[in-house]
Asks: 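Have a look at this one.
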Amino acid sequence: MSHKLHVHSEQRALRWALFGSLGFIALALTFALLTRSDAILFDGIYSLIAFCVALLTLKVARLAERPDDDRFHFGYTSMEPALNLFKALFILVACTWACVEAVKRLMLGGNPAEYGLATVYGAAATIGCLLVAWLMARAGRQTRSDLVTVESRTWLVDGLLSAAVFAGFLFAWLLEGSSWAHYAPVVDPLLLIAIVTVALPVPLGILRDSLREILWMAPPEPLVSDIEQQLLESLADVETDRVEVRVTKRGRNTYLLVHVVVGENFRLASVADLDAIRYRSETALKTWRPEIVMDMLFVRDGSLAD
């Protein structure tokens, strides 16, 4: 995929998230008023958070495409993990607030709601959210964009929340027509607590991954091993004692600092020969993973690579 097409696809996917959030905000808040359901209200608040963050995500996606300058010597891609960290914290705060409110409602005897109408909302929201999540996940794989991938995970959580709402409201609706109808009011706060419990692992995972990038930690070991293997294959015809590679990932870029410790028999006619080796190696790696950015240093003293 060309760089221009990559950017266009990423921006289009993020606009899907933006317009999708607007639609679900209107849907959830309307049904929250009609049904008096706290679970649906939380779903609407979650969509509102997604909308606000989607606006920031579009801005950051444009900034990430800028070249480095006097203020950001390594470019603007460091804003991507910072945004994802902010998004995860925002969701965690919303989940904590919702859980506290649900416990309060439960202690007061529950919250009666219009469960038949709420069931209609649950079905529509579940189908819509999972559809957007699937479209975003596909776009994330095509563009290899962390921003789009995190958006898809956010929508997946929203879809799971809506599915839990649908199942719970369907159960409460059936409960109302039975001899156990007096238990129906506790379904709404119990649903909200269950929703928060299901949702928490996703923002916690985003928080963990974002912190790894902000702290310049190495990516997961399988990725580092694959990079090292590809790098060594690209340098197979170079006389080396060893190759040291340091890897870090920040946003859409995977940065490699490579020290090539050349052997005693290594010879070159000019510095242009070193440029040719680096160009050949970088081309091979970028063909494999276009997001790779690499600096390659050639040394004879191995201590300089430690």
Side-chain angles (χ1 to χ4, degrees), residues 1 3 6-7 9-18 21 46 49-96 133 136-158 199-227 245-257 285-286 288-295:
M1 179 182 292
H3 180 72
H6 171 280
V7 174
S9 299
E10 181 184 58
Q11 294 289 325
R12 183 177 59 186
L14 294 175
R15 282 195 292 270
W16 289 345
L18 192 62
S21 296
Y46 186 93
I49 292 172
F51 173 74
C52 294
V53 174
L55 287 174
L56 289 173
T57 302
L58 274 171
K59 177 64 176 176
V60 169
R62 294 190 184 101
L63 284 174
E65 291 302 319
R66 290 185 180 181
D68 51 32
D69 55 27
D70 290 340
R71 294 180 62 196
F72 290 84
H73 289 190
F74 293 93
Y76 288 78
T77 55
S78 60
M79 289 187 175
E80 292 180 288
L83 174 64
N84 290 334
L85 177 68
F86 169 74
K87 182 184 297 186
L89 290 174
F90 214 173
I91 295 172
L92 286 172
V93 169
C95 287
T96 303
M136 296 289 288
R138 187 178 66 172
R141 289 192 297 270
Q142 291 172 346
T143 62
R144 294 190 177 184
S145 167
D146 280 354
L147 293 177
V148 177
T149 300
V150 168
E151 280 294 324
S152 73
R153 290 162 68 184
T154 303
W155 277 98
L156 178 60
V157 171
D158 211 357
L200 276 177
V202 171
L204 288 174
I206 296 172
L207 184 68
R208 179 201 61 217
D209 294 342
S210 301
L211 281 174
R212 288 181 67 96
E213 295 187 17
I214 289 172
L215 296 175
W216 286 75
M217 293 176 65
E221 181 58 33
L223 175 59
V224 175
S225 297
D226 287 345
I227 289 174
V245 57
R246 292 171 174 83
V247 185
T248 186
K249 184 179 182 302
R250 302 197 76 186
R252 66 193 59 199
N253 289 341
T254 301
Y255 175 69
L256 278 60
L257 176 60
L285 288 169
K286 278 184 170 291
W288 172 58
R289 296 186 71 92
E291 71 274 15
I292 283 180
V293 176
M294 183 175 71
D295 282 326

Asks: Using side-chain contact (heavy atoms from CB on, under 4.5 Å) as the criterion, list what pairs up with Val245, not counting sequence neighbours.
Replies: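 Result, side-chain contact (heavy atoms from CB on, under 4.5 Å) vs Val245: Glu228, Leu231, Val247, Leu256, Val258.
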
Asks: Indicate yes or no: at least one non-hydrogen side-chain atom of Asn84 is less than 4.5 angstrom from one of Arg153.
Replies: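 Side chain of Asn84 against side chain of Arg153, heavy atoms only: no contact under 4.5 Å found.
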
Asks: Not counting sequence neighbours, list each pair that qualifies as a side chain to side chain donor-acceptor pair (under 3.5 Å) and has a residue in residues 217-226.
Replies: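 Listed once each, the pairs are Glu221-Ser225.
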
Asks: Hey, could you give me the CE/OG1 distance between Met294 and Thr254, rounded to the nearest 0.5 Å?
Replies: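 The distance works out to 13.0 Å.
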
Asks: Can you list, pair by pair, the side-chain donor-acceptor contacts under 3.5 Å of residues 203-214, counting residues two or more places apart and other chains?
Replies:
residue	atom	partner	partner atom	Å
Ser210	OG	Leu85	N	3.4
Ser210	OG	Ile206	O	2.8
Arg212	NH2	Ala218	O	2.4
Glu213	OE1	Gly251	N	2.7
Glu213	OE2	Lys249	NZ	3.3

Asks: How close do Asp295 and Tyr255 get, heavy atom to heavy atom, and via which atoms?
Replies: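 Reported closest heavy-atom pair: OD2-OH, 2.7 Å.
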
Asks: To the nearest 0.5 Å, what is the distance between CG (Leu285) and CD1 (Ile227)?
Replies: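 Leu285 CG to Ile227 CD1: 8.0 Å, rounded to 0.5 Å.
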
Asks: Taking only residues two or more places apart in sequence or in another chain, which ones pass side-chain contact (heavy atoms from CB on, under 4.5 Å) with Phe90?
Replies: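 With sequence neighbours excluded, Phe90 shows a side-chain contact (heavy atoms from CB on, under 4.5 Å) to Ile49, Val53, Phe86, given in chain and number order.
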
